[in-house]
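Accompanying notes for the structure given below.
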Protein chains: 2
Amino acid sequence: MALAEKTDKRVQLLIAAEQLFAEKGFDGTSVRDIAQLAEVNLAMISYYFGSKERLLKALIEYNFNLNIELLEDLSKNESISPMDKILQLADFYVDKFILKRRFHTIVSQEYNTGRSSEIKELITNFKMRNFERVKGILAEGQRKKVFRKVDPEMTMATLIGTINQVINSRNMYCILLRIDSDNEEDYRRKVTERLKIHFRQLLRSHLAAE
Amino acid sequence: MALAEKTDKRVQLLIAAEQLFAEKGFDGTSVRDIAQLAEVNLAMISYYFGSKERLLKALIEYNFNLNIELLEDLSKNESISPMDKILQLADFYVDKFILKRRFHTIVSQEYNTGRSSEIKELITNFKMRNFERVKGILAEGQRKKVFRKVDPEMTMATLIGTINQVINSRNMYCILLRIDSDNEEDYRRKVTERLKIHFRQLLRSHLAAE
DNA sequence: AAAAATCAATTAAACGTTTGTTTAATTTAA
DNA sequence: TTAAATTAAACAAACGTTTAATTGATTTTT
């Protein structure tokens, strides 16, 4: 708690907001909830971010700008086969989405219901960048005759949709996979492994040329 | 006639609530919004449903109890091969989820952020029923040596997750698939077809025994 | 080096709206 | 005449945001 007091209050607010927006939704969370969890005066939200909505925007912008260069490297790497490339990409998405599951839950919610077109554009751009990356690998694989012809948009929907489904139905998959919902570390490890194995089998048979 | 008029305003409220909850979220929608769109006095919400939350519960219960017998028939039918059975089930889910996309968006939102444990249990039960159905077909296919061994929980996540991804990122897929977002009928036809073809290819290669 | 000035950080309190719900009166239908 | 349906108005509580005052630390002036 002494460490928390030392930390920047701006960061404390972002952390608290991420947790609460994911658990109760943007409109279901009051600025007083956030301030209380962050142990910060509620006026600091306006002071640092201007408004509750700009706090959300800052949260989204910060998370979207993480790890982008990591993915660029993978896409350009010529020494990896398309199949390994897509499997590594799937692993990357699994790791990142599961690790930041709260944030990605917020993104899912906000893309539908959010009233801010600024935020919607942010999310659309992020999704587009990800899709272009997948589409590029699929095209490369087809050019090299190691992938068969598939629907790139639907394949993307399957990749991201499967992960989102597991994240956004966490309660259910904790029951099905017999995972203690309170043990976040155990949840992360088990779900990550199951998803990666599933994708290895699914993507191989879906993409491999006959 | 008399009965229809009696429940008329109740139905109008349910229809308006479905649209608004899907577009702006449960907490983002006020009872005044709903009453205005339904052209009904806002006190009628408490009169008919008791509260805003019980209105949501009524909406969910009503939609979950549709088409259940239709699915039971398919599962029990012994004259259909497991592969055709799972493909018909996928088609069924695609049709139903796309047709009732607004409702299923609400379900996705509310399963994470909703504070009512009653509603969460409703949704869990619905998801469980669907999973048991899929799991049964997968087991039958493996018993008859026409399916290989796959992860049932993850396969379910892929099936429902892919559809949900398309529904919950509607903006994005309208851009990608060059669909006029305002033409609901065109959207429904094109997305439904793309999803069904994709599933036919994906599930066949994923499930077929070598 | 002490005092004064400056500016960002922080606070409690108050602001005007909007929220979901209830009330009590009135209309409608049987 | 009775009960259900419908209404406008009122309710307290919660909402996001702003205010004006105060603190704390750093810089400037004396």
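The analysis underlying the following values was restricted to heavy atoms, covering all of them including side chains, and did not include hydrogens, waters or symmetry mates. All values reported here derive from a predicted model rather than from experimental measurement. Per chain, numbering begins at 1; letters A, B, ... match sequence-line order.
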Angle between ring planes, B:Phe97 versus B:His104, binned at 30° and 60°: parallel, tilted or perpendicular?
parallel
Could you check whether B:Phe49 gets within reach of a base, just the sugar-phosphate, or nothing at all, counting any heavy atom under 4.0 Å?
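Counting heavy atoms under 4.0 Å across all strands, no contact is made by B:Phe49.
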Using a heavy-atom cut-off of under 4.0 Å over every strand shown, decide if A:Ile45 touches base, sugar-phosphate, or nothing.
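Result for A:Ile45 = nothing.
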More 5' along DNA chain D: A:Tyr47 or A:Gly28, using each one's nearest nucleotide?
A:Gly28
Taking atom [atom2] of [N] as reference, at what distance in whole Å does atom [atom1] of [X] sit?
| X | N | atom1 | atom2 | value |
| --- | --- | --- | --- | --- |
| A:Arg10 | C:dA8 | CZ | C1' | 15 Å |
| A:Leu13 | D:dT17 | CG | P | 13 Å |
| A:Leu42 | C:dA9 | CG | C1' | 15 Å |
| A:Asp27 | C:dT17 | CG | P | 20 Å |
| B:Gln36 | C:dT19 | CD | P | 11 Å |
| A:Gln12 | C:dA9 | CD | P | 14 Å |
| B:Asp8 | C:dT28 | CG | C1' | 15 Å |
| A:Asp33 | D:dT17 | CG | P | 14 Å |

I want to check one thing: is the phosphate of [N], taken as OP1 and OP2, less than 4.0 Å away from some side-chain N or O of [X]?
| X | N | value |
| --- | --- | --- |
| B:Ser30 | C:dT19 | yes |
| A:Lys52 | D:dT17 | no |
| B:Lys9 | D:dT6 | yes |

Is it true that the side chains of B:Asn112 and A:Thr105 contain a donor and an acceptor less than 3.5 Å apart?
no
Please check if any side-chain donor atom of A:Ser116 sits under 3.5 Å from a side-chain acceptor atom of A:Lys57, or the reverse.
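No donor-acceptor contact under 3.5 Å links the two side chains.
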Is the gap between the ring centers of A:Phe64 and A:Phe103 under 6.0 Å?
yes
Using the closest heavy atom to pick a nucleotide of DNA chain C for each, name whichever of A:Asn41 or A:Arg32 lands nearer the 5' end.
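Whichever sits nearer the 5' end wins; that is A:Asn41.
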Are the side chains of B:Arg200 and B:Lys196 in contact, using a 4.5 Å heavy-atom criterion?
yes
Starting the side chain at C-beta, find the nucleotide from C:dA12, D:dA5, C:dT21 nearest to B:Met44.
D:dA5
Kindly point out which of C:dT21, C:dT11, D:dT17 is positioned nearest to the side chain of B:Val31?
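The listed nucleotide nearest to B:Val31's side chain is C:dT21.
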